[in-house]
Amino acid sequence: MSVMDIGQLNSSLPLRPLYVIHGEEDLLRIEALDTLRLAAKQQGYLNREVYTADSANFDWNELLQSAGSVGLFADLKLLEIHIPNGKPGKNGGDALQTLAENLPEDTTVIVVLPKLERVQTQAKWFGALAQHGVVLEAKAVNGAALAPWIRGRLQQQNLEIEADALALFAERVEGNLLAAKQEIDKLALLHPPGHLVNMADAEAAVANVARFDVFQLAGAWMSGDTARVSRLLEGLEADGEEPVLLLWAVVEDIRSLIRLTAALKQGQSVQSVRNSLRLWGDKQTLAPMAVKRINIGRLLAALQDCAKIDRIIKGAEEGNAWAEFKNLVSGLAA
C-alpha cells in the first residue's frame, strides 16, 4: 500500500496511475481532487471522464469498457469515479478490483469516497485499490491539531497570528474545517501580507461557526479536557442535539472502559482487546489514559447516573436531562 500525506500533495508531482481519496474532512477531499485535476491539466491529460456510482442501477460494465477504451488520438485520460455512499456493492466491488488489477495505459484513475467504516477498508475491492494505487486519507482536523493547521494555512497566505487570537479562531471554527478555510481567506482579503492577526482582528473577522458532534465529546472527556468538554456541551445543546444519542454513546464508552480495566488487571494488553472493545482510531490511546484517571468505582457510579438520565428522558423520573448529562460528562472529565 502506498499511503501519501494528503497535505503533501501538489500539482507538480508526476501523476500516478491510480489514486484513492477517502476520509471525513470534506474540505481536504475537495482540495485533493482539485489538485489532481490541476496536475492532470498541466501534464497534458486532455480527456476527462467522470462517473458517479450513486445508485444500485449504476452500470459498472460501461465504466470498465470506458476505462479500457483508447481515444482516436491516444490522448492521456483522467478517469474519476465518485462513490458518494462508499458502498459499491458486489458488482461495483468486483469491477473496482478488476480495474485496480488491470489499470489502463495513458490513464490516471481517481476513486473518490467518503469516510469509510472499518468493514469497508477491509473489503477486497478497497484492498486492491490500496495495493495498486496511492491512498490519500482526509483525516479529521480537530482538537490539538486544529490550531497548527490554522496557523499553517495563514502562513500560506503570508499572515501570522498571535497565540490568543489563534485560540479564539480555533474555538470558533472547531468541527467545521470548510468554514475555517473561508475565515482564513477572509482575513487574507482584509489584511496585507506580513500582517500579524491579533485578538481584535480575530474577534471582528472570524464568525462563530463551530460544529460539534458526539465523537469530539468522547475524545474530550476521555482525555480529561474539562474546558473543551464544557464548550462542546454548550455547542451541542445550542445546536438542538437531543441527549438520548449522546447518552447512548457515553454509556457504550463507559462500558468499554470498565471492560478494559478488567482486561488490563488480567494482564491483557490494549492491542489484544482493541477489536473486541471497539477501541479504534483515537480511542486506542484515549481509553488507556481514561482508565488510569477514572477508577472503577467512578465508572460504575457513572453507569447509575446514565440510568437515571435515561429514566428522565423517558419521562419515568422528574428532572432536567440536559443538566444531568452535563454534570455526568463534566464529572468524567474532571
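All residue numbers refer to positions in the sequence shown, counting from 1.
- Ala100 and Ala128 get closest at one heavy-atom pair: CB-O, 3.6 Å.
- Inspection of the Asn10 and Ser12 side chains reveals an N or O donor paired with an N or O acceptor under 3.5 Å.
- In Glu318, the CD atom is not crowded: 12 or fewer heavy atoms of neighbouring residues, nucleotides or ligands sit closer than 6.0 Å.
- Scanning both residues, Ser330 and Leu233, for their nearest heavy atoms gives OG-CD1, 4.0 Å.
- No donor-acceptor pair closer than 3.5 Å links the side chain of Arg29 to the backbone N or O of Pro114.
- Within the model, atoms CG of Leu9 and CD1 of Ile21 stand 7.5 Å from one another, a figure rounded to the nearest 0.5 Å.
- At a threshold of 4.5 Å between side-chain heavy atoms, the hydrophobic network of Ile, Leu, Val, Met, Phe, Trp and Tyr places Val244 and Leu217 in one connected group.
- Within the 4.5 Å cutoff, the side chain of Leu146 has heavy atoms near those of the Val173 side chain.
- In this structure, the side chains of Arg37 and Leu33 come closer than 4.5 Å at one or more pairs of heavy atoms.
- In this structure, Arg172 contributes its side chain and Glu203 its backbone to a donor-acceptor pair below 3.5 Å.
- Without hydrogens or angle criteria, Ser230 side chain to Thr226 main chain gives no donor-acceptor distance under 3.5 Å.
- In this structure, CE on Met4 lies 14.5 Å from CD on Glu137, to the nearest 0.5 angstrom.
- With hydrogens and angles ignored, the 3.5 Å screen pairs a side-chain donor or acceptor of Thr107 with a backbone N or O of Glu105.
- Every residue two or more places apart in sequence or in another chain that forms a salt bridge (Lys or Arg N to Asp or Glu O under 4.0 Å) with Glu324 is listed here: Lys308.
- The cluster map of Ile, Leu, Val, Met, Phe, Trp and Tyr, joined by side-chain heavy atoms under 4.5 Å apart, puts Ile312 and Leu236 in different clusters.
- Of all the heavy atoms in Pro14 and Gln43, the pair that sits closest is CA-OE1, 3.7 Å.
- Residues Ile150 and Ala170 approach most closely at CD1-CA, 3.7 Å, considering heavy atoms.
- In this pair, Trp60 and Phe58 present their aromatic rings perpendicular. The plane angle is above 60°, beyond the 30 to 60° band.
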(Q) Checking His22 against Lys115 for the side-chain contact (heavy atoms from CB on, under 4.5 Å) test, could you report, in this order, the C-alpha distance in whole Å, the side-chain angles of both residues, the deciding distance, and whether it holds? (A) CA-CA 6 Å; His22 75 103; Lys115 177 185 178 182; over 6 Å; no
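- Here the side chain of Gln216 pairs no donor or acceptor atom with the backbone of Asn142 at under 3.5 angstrom.
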Q | Stepwise side-chain contact (heavy atoms from CB on, under 4.5 Å) check, Thr285 with Val270 | A | CA-CA 9 Å; Thr285 54; Val270 175; over 6 Å; no
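- Linking ILVMFWY residues whenever their side-chain heavy atoms come closer than 4.5 Å, directly or via other members, leaves Leu190 and Leu166 in distinct clusters.
- Taken to the nearest 0.5 Å, the SG atom of Cys306 stands 4.5 Å off from the CG atom of Leu328.
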Q) Going through the checks in order, is the side-chain contact (heavy atoms from CB on, under 4.5 Å) test met by Glu174 and Arg231? A) CA-CA 10 Å; Glu174 183 175 8; Arg231 189 168 70 251; 3.2 Å; yes
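- When side chains are defined from C-beta on, Ile6 does not count as touching Glu25, because their heavy atoms never get closer than 4.5 Å.
- Not a single donor-acceptor pair under 3.5 Å links the side chain of Gln157 to the backbone N or O of Ile184.
- Look at Glu237 and Lys326 and you find a salt bridge, because one of the NZ, NE, NH1 or NH2 atoms lies within 4.0 Å of a carboxylate O, short of that distance.
- Leu99 and Val50 fall into different hydrophobic clusters, defined by Ile, Leu, Val, Met, Phe, Trp and Tyr side-chain heavy atoms under 4.5 Å apart, directly or through other members.
- Applying the salt bridge (Lys or Arg N to Asp or Glu O under 4.0 Å) criterion to Glu252, with sequence neighbours excluded, gives Arg255.
- In this structure, CG in Asp201 is found 11.5 Å from CZ in Phe169, a value given to the nearest 0.5 Å.
- Of the possible donor and acceptor atoms, one in the side chain of Thr98 sits under 3.5 Å from a partner among the backbone N and O of Asp94.
- More than 12 non-hydrogen atoms from other residues, nucleotides or ligands lie less than 6.0 angstrom from CD of Glu317.
- Shortest non-hydrogen contact noted between Ala321 and Pro243 is CB-CG, 4.1 Å.
- Closest heavy-atom contact between Trp125 and Gln120: CZ2-O, 4.2 Å.
- Here Arg298 contributes atom CZ and Leu257 contributes atom CG; the two are 11.0 Å apart, rounded to the nearest 0.5 Å.
- Within the 4.5 Å cutoff, no side-chain heavy atoms of Leu332 are placed close to those of Asp253.
- Counting heavy atoms from C-beta outward, Phe126 and Leu96 have side chains that stay 4.5 Å or more apart.
- Enclosure of atom NZ in Lys124 is not indicated, since only 12 or fewer non-hydrogen atoms of other residues, nucleotides or ligands lie within 6.0 angstrom.
- By the criterion of side-chain heavy atoms lying less than 4.5 angstrom apart, applied directly or through intervening Ile, Leu, Val, Met, Phe, Trp or Tyr residues, Ile30 is not grouped with Leu113; the two fall into different hydrophobic clusters.
- Of the possible polar contacts, none joining the Gln42 side chain to the Ala39 backbone as a donor-acceptor pair under 3.5 Å is found.
- Using a 4.5 Å cut-off on side-chain heavy atoms (C-beta onward), Lys181 and Glu31 make contact.
- No more than 12 heavy atoms of other residues, nucleotides or ligands sit less than 6.0 Å from atom CZ of Arg16.
- Grouping Ile, Leu, Val, Met, Phe, Trp and Tyr residues whose side-chain heavy atoms lie under 4.5 Å apart, directly or via other members, places Met199 in a hydrophobic cluster with Leu168.
- Side chain of Arg293 to main chain of Ala334: a donor-acceptor pair is present (N/O by atom type, distance under 3.5 Å, no hydrogens or angles).
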Q: Walk me through it: do Leu13 and Gln8 pass the test side-chain contact (heavy atoms from CB on, under 4.5 Å)?
A: CA-CA 10 Å; Leu13 295 173; Gln8 301 301 314; over 6 Å; no
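- At a threshold of 4.5 Å between non-hydrogen side-chain atoms, the residues Leu303 and Val251 count as touching.
- For the pair Met222 and Met289, the minimum side-chain heavy-atom distance is 4.5 Å or more.
- Atom CG of residue Asp310 and atom CZ of residue Phe325 lie 12.0 Å apart, to the nearest 0.5 angstrom.
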